[in-house]
Amino acid sequence: MDIASKYDPSQTEDKWYKYWLDNKYFKSVPDEREPYTIVIPPPNVTGVLHMGHMLNNTIQDILIRRARMSGKNALWVPGTDHASIATEAKVVNKLKEEGIDKDDLSRDEFLKHAWEWTDKHGGIILKQLQKLGASCDWDRTCFTMDEIRSKGVIKSFVQLYNEGLIYRGVRMINWDTKAQTAVSDEEVIYKEVQSKLYYLRYKIEGTDDEYVTIATTRPETILGDTAVCVNPNDDRFKHLKGKRVLVPLINRSVPIIEDEYVDMEFGTGCLKITPAHDINDYEIGMRHNLESYDILNDDGTMSEAAQLYVGEDRFEVRKKIVEDLEKAGNLVKVEDYTNKVGFSERTDDVIEPKLSTQWFLKMKELSKPALDAVMNDEVVFHPKKFKNVYRHWMENVKDWCISRQLWWGHRIPVYYLEDGSYVVAETAEEALQMAKEKTGNQNLTMDNLRQDEDVLDTWASSWLWPITVFDGFEEGNKDFEYYYPTNDLVTGHDIIFFWVARMIIAGYHFKGKYPFKNVYFTGMVRDKLRRKMSKSLGNSPDPLDLIAKYGADGVRVGMLLCSPAGGDLLFDESLPEQGRNFANKIWNAFRLVKGWEVSSDIEQPESAKQAIVWFEQKLNQTIALVDDHFSKYRISDALMAVYTTFWQEFSSWYLEAVKPGYQQPLDAETYKATVEFFDKLLRLLHPFMPFITEEIWHLLDERKKGESIMISDMPVATGINDEVVEQFEVAKEVVGNVRTVRKEKNLPMKEQLTLSVLSANGDYNTMFDEVVKKLANLKEIAKVDEKVAGAVSFMVKTNEYFIPMEGIVDVEAELKKLEEELKYQQGFLASVTKKLSNERFVNNAPEQVVAREKQKQADAEAKIKTLTASIENLKK
RNA sequence: GGGCGAUUAGCUCAGUUGGUUCAGAGCACUUGGUUUACACCCAAGGGGUCGGGGGUUCGACUCCCUCAUCGCCCA
C-alpha cells in the first residue's frame with residue numbers, strides 16, 4: 001500500500017463531515033438513554049467566526065463527542081442570536097452606504113431590510129463551525145427571533161409583569177447617542193481617558209465680588225446645574241450655608257446645599273449638581289428635592305432647556321463654553337486630569353447618563369435562588385474562582401433596564417390606551433379584549449391601542465435560551481422534559497453577568513430548576529502581547545485560514561494545548577502547528593503499522609510479548625487518567641495525557657519494541673494486539689481530533705458500511721497493574737543509560753554490547769529484559785556476582801550495571817562520575833536520616849510517610865555501599 | 001475607590017485536601033543522528049534560591065500576614 005508520508009487534512013475533513021451528516025450521527029431524539037445536552041452560546045446572527053468561538057466550540061464538541069461515545073444520548077443545540085443593537089447598527093450603516101437614512105424609513109420598512117440582511121448573512125457562522133467539526137444537531141438550529149423563541153420571550157414578559165416584577169419608570173439610565181437607545185449597565189465599558197479638569201467660579205448671589213469655585217470635567221453641563229453642594233463637615237464653607245449662587249452665563253440662581261457625599265479632598269470641595277446628567281447628582285437631587293433640567297437631546301446635541309448653544313453637539317459645546325466662560329471671567333484654571341469615561345460596548349459612543357422612562361425588571365428577589373444554587377454548588381463553576389465574582393454581582397444586583405429604543409428585537413407587549421394607561425398581553429387581540437374589560441367600552445378597536453415602540457434587550461431573549469430551544473414555555477413538551485436541565489455550558493467569562501447569571505435566574509424562576517449543571521468558563525483569546533484579539537487591531541488570524549493551513553484537528557489541538565479553564569489563552573501560530581505535527585505523527589504511526597507484512601507462520605518474539613504486557617497496562621493507566629481529568633473538566637490535561645501516551649509511550653517505546661527488522665514480517669499475534677491498541681488510542685483521541693481519527697480508523701481495519709468511530713465505544717480502564725508499569729519505567733531507565741554511555745564513549749548504535757548486572761539484594765527483575773536488549777541493542781544481559789573490571793557502570797534503583805570497555809575506560813572520568821553520585825547519595829541519606837531522627841516527625845507524620853522515608857534510607861545506604869566499593873575498585 | 005485573581009525554566013503553563021532529592025510538562029535551546037514510519041522526525045542534554053520579606057508546622061511551591069509588580073471585573 002502506498003501511503004503519503006504527510007497527512008493531508010484537506011483530503012479527509014469535508015469527506016467525513018459529509019459522511020457524519022449523511023448518516024445523521026449528530027441527530028438526537030429522546031429515548032431511554034440518559035441525555036447529555038449542551039446548548040451553544042448563540043453567536044450573533046450576522047457575525048463571523050473568531051478565535052473565541054473556535055476555543056469555545058472546540059471544547060463543546062469534545063464534551064459532546066465524548067458523551068456520545070460513552071453511551072449517552074448526546075445533543076448539542078446550535079443557533080444564533082439576533083443581537084439587537086449590534087445588528088441594527090450594522091443595518092443602519094449598510095443603509096447609510098446606500099444613501100438611505102433610517103429616520104426616513106417606517107418601522108416595517110426598516111425591519112424588512114434587517115430581515116433581508118439577516119437572511120443573507122445569517123448562519124454563515126454556523127457553516128464555519130462545521131469546518132471545525134462541530135457535531136451539532138443542525139436540524140434543531142434555533143434563532144432568538146424565530147417564532148418559537150419570540151413566543152417564549154413575550155410569554156415570559158407577560159408572566160413577569162403579572163407577577164409584579166416588571167415596572168415602568170423614570171430612572172437614570174445609560175444613553176447611547178449614536179444608537180439613540182438606552183443600554184444596560186453591563187453594556188457600558190469604562191475607559192481611562194486624558195481629559196481636563198476645569199475650575200469655574202460661581203458668583204454668590206447678593207454680593208459683588210464673592211465667588212465659590214467648583215471643579216468639573218464636563219463644563220457644558222453647568223447649564224443644567226440646579227445646586228452647588230459642599231460637605232457639611234467642611235469648615236471652609238460654613239459661611240455659605242443658606243446662600244445661593246448664580247450659574248455662570250445663564251445666571252440661574254441655585255441654592256448651596258450640604259451633603260456628605262461630597263469628597264472634601266477632591267477639587268475645591270465644592271461640587272456642582274446636575275441631576276439630569278449624572279447618577280450621583282441625580283441621587284443628591286432626589287434627597288434635596290432639586291429641580292432637574294435635561295439639557296441634552298437624544299442625539300447628543302444641546303436641548304432648548306440648555307438655553308445656550310441649542311442644537312449644537314455636546315463636545316463642540318464643551319470647547320465653546322470654556323472660551324465663553326473665560327471671557328466672562330468665570331474660568332479660574334484648567335488642569336490635566338485622567339478619569340474614567342463610560343463608552344457604549346456596541347457603538348463606542350460616550351455614554352450620557354440621562355433621565356428616561358424605561359421598563360425595568362426587579363432583580364433582587366428573582367436572583368436569590370440563583371445565587372444560592374451557585375454558592376452551594378448545585379450549579380458548578382469551573383474554575384471555582386468565578387463563584388466569588390458571581391456572588392459579588394448577585395448580592396449587589398440592580399434592576400435591569402430591559403427596554404431599548406430600537407426596532408430590531410422583540411417588541412414590548414405593552415399596549416397603551418388613549419388615556420395613557422396600558423395593558424400587557426401576549427397578542428394584540430388579547431390586549432384589545434383586556435382594554436375593553438378595563439374601560440368597559442366594547443367599541444374599542446385596534447386603532448384605539450398603541451403598542452409600545454420599544455424592543456427588549458437582546459439578553460432578555462438569550463437568558464431564556466436553555467428553555468426556549470426546547471420550546472419550554474409550552475406545557476408538556478417532551479423534548480423539554482427529556483433534555484432539560486442541560487449538562488454543561490461552555491462560555492467566555494466576559495459574559496458571566498450578561499448571560500450566565502441571568503440564565504440561571506431564569507431557569508429557577510420559570511422552571512424551578514437550574515438550566516445547566518456545570519459551567520466551564522473559557523479564557524479570552526489574546527495575542528502574544530496579551531492584547532485581546534480584535535478586528536480593529538488586526539491581530540486575529542482568520543480561523544478558516546488556520547484550518548486550511550493546519551487542518552481542523554491541528555487547530556483544535558492547538559487551541560486546547562494551552563487553555564486552562566478561565567485562564568487567558570495567548571494564541572500563537574506555533575500552537576496549531578504543534579497540533580498539525582501531532583496529526584502527522586499519528587498518521588506516520590499508522591503508516592508504519594499498515595506497512596508491515598504480517599505472517600502467521602512466525603513465532604511471536606519474546607520482546608514483543610513483553611511490550612504488549614506493558615502497553616496494555618500503560619494504556620489502562622492513561623484511560624483512567626483521562627477519565628479523571630474529564631471528571632474535573634481539565635480538558636487540556638486530558639488531551640496532554642493522550643498526546644504523550646501516543647507520542648512517547650506508543651510511538652517511541654511500544655512501536656519501537658515490536659517493530660520487526662528491516663523488511664522482516666511481523667507475527668500475526670503482535671499485529672493483532674498493535675491494531676487493538678491503535679484502535680483504542682484513536683477512540684480516546686476522537687473527541688479532540690475527529691477527522692484524522694475517523695480516517696485512520698477506517699483504514700486500519702475492515703469496517704462495515706455506516707460504521708463510524710464517532711459512535712464507537714469510548715475505551716474503559718479494566719484494572720491497572722501498577723507494578724508492570726513501574727517495572728517498565730526501570731527498563732526505560734536502563735535503556736536510557738546505555739544510550740548515554742554509547743554517546744559519551746562514541747559507541748555506534750549498531751554495535752551490539754553486553755550488559756552485566758549486579759543485583760545488591762538479589763531482586764533483579766527480568767520481566768522486560770528482552771525489550772531492553774532490543775532497544776539498547778544488547779547481545780545479552782548477564783547477571784554477575786561481583787563488579788566487572790574495566791567497565792563503565794551506572795546504577796538504576798539498587799542494581800549496578802556494567803558495560804565492558806576493553807581497556808578504553810577513562811578511570812579518572814569514571815571516578816569523577818561515581819564520586820559525584822556518591823556525594824549526592826550521601827546528601828540524600830543525610831537529609832532522610834535527619835528527618836527520621838527527629839522524634840516529632842516520627843510521632844506526627846502519617847505511618848505511610850515514615851515507612852517511605854525508611855525505605856528511602858535503606859535504598860540510599862545500599863547505593864552508597866555499592867558506590868564506595870566501586871570507587872575502591874577503580875582506585876586499585 | 002471596591003472586589004477577584006496571578007507571580008514557578010527563555011516562553012506558555014501544571015503542581016489536585018502541606019509529605020519521595022519534587023521542583024514538572026509542552027514549546028524553544030544545545031549536541032549527536034537519516035538507505036530501514038515520520039526533520040511536521042529520533043536520541044541525549046543544559047536551564048528555575050517556585051516575585052521579596054516574615055510567620056505557622058516535624059515538614060511549605062502548597063496554609064497565614066505583609067510588600068512589590070501585573071491582569072481582570074465593578075463603581
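Heavy-atom basis, side chains included; hydrogens, waters and symmetry copies ignored. Each chain gets a letter, A, B and so on, in the order the sequences are listed, and its residues count up from 1.
Mapping Gly736(A) and Ser5(A) onto RNA chain B by nearest heavy atom places Ser5(A) closer to the 5' end of the strand. If Arg739(A) and Asn581(A) are placed on RNA chain B by their nearest nucleotide, the residue sitting closer to the 5' end is Asn581(A).
Relative to the side chain of Lys659(A), the nucleotides C38(B), A37(B), G45(B) differ in distance, and A37(B) lies closest. Relative to the side chain of Asn388(A), the nucleotides A39(B), C4(B), A37(B) differ in distance, and C4(B) lies closest. Which of C40(B), A14(B), A44(B) sits closest to the side chain of Asp637(A) comes down to A14(B).
Between Asp377(A) and Lys387(A), at least one side-chain nitrogen of the basic residue sits less than 4.0 Å from a carboxylate oxygen of the acidic one, meeting the salt-bridge criterion. Using a cut-off of 4.0 Å between Lys/Arg side-chain N and Asp/Glu carboxylate O, Arg218(A) and Glu352(A) are scored as salt-bridged.
The six-membered or imidazole ring of Phe386(A) lies away from that of Tyr390(A), with a centre-to-centre distance of 6.0 Å or more.
To the nearest whole angstrom, the two P atoms, one in G51(B) and one in U34(B), are 43 Å apart. When the P atom is used for both U12(B) and C72(B), the distance is 15 Å, rounded to whole Å. As rounded to the nearest Å, A28(B) and C40(B) have P atoms that lie 11 Å from one another. Comparing G15(B) with U62(B), their C1' atoms are spaced 9 Å from each other, to the whole Å.
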May I have the step-by-step check of side chain to side chain contact (heavy atoms under 4.5 Å, CB included) for Ile504(A) and Trp499(A), ending in yes or no?
CA-CA 9 Å; Ile504(A) 301 173; Trp499(A) 196 45; over 6 Å; no
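Interface remark: the Lys585(A) side chain does not form any donor-acceptor pair with the C40(B) base, using a distance-only criterion of under 3.5 Å.
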Along nucleotides 17-27 of chain B, 5' to 3', which nucleotides get a B, which get an S, and which get a -, given that the test is a protein heavy-atom distance under 4.0 Å?
--BBB----SS
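Gln648(A) and Tyr643(A) share no donor-acceptor pair across their side chains, judged by distance under 3.5 Å alone.
Here Lys387(A) does not reach the OP1 or OP2 of C4(B): none of its side-chain N or O atoms lies under 4.0 Å away. For A37(B), neither phosphate oxygen OP1 nor OP2 lies less than 4.0 angstrom from any side-chain nitrogen or oxygen of Lys594(A).
One can place CD of Glu656(A) at 11 Å from C1' of A43(B), the figure rounded to the nearest angstrom. Regarding Arg391(A), its CZ atom lies at a distance of 18 Å from the P atom of G2(B), rounded to whole Å.
Scored by the ring-ring contact (aromatic ring centres under 6.0 Å, His included) test, Trp400(A) finds Trp463(A) as partners (sequence neighbours excluded).
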Pairs under 3.5 Å (N/O, protein and nucleotides 72-75 of chain B):
unit_1, atom_1, unit_2, atom_2, d
A75(B), N6, Lys340(A), NZ, 3.3

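U36(B) makes up no base pair with any nucleotide shown, lacking Watson-Crick or G-U wobble contacts both under 3.5 Å.
Nucleic acid contact for Glu577(A): none, since no nucleic acid atom lies under 4.0 Å from a heavy atom of the residue.
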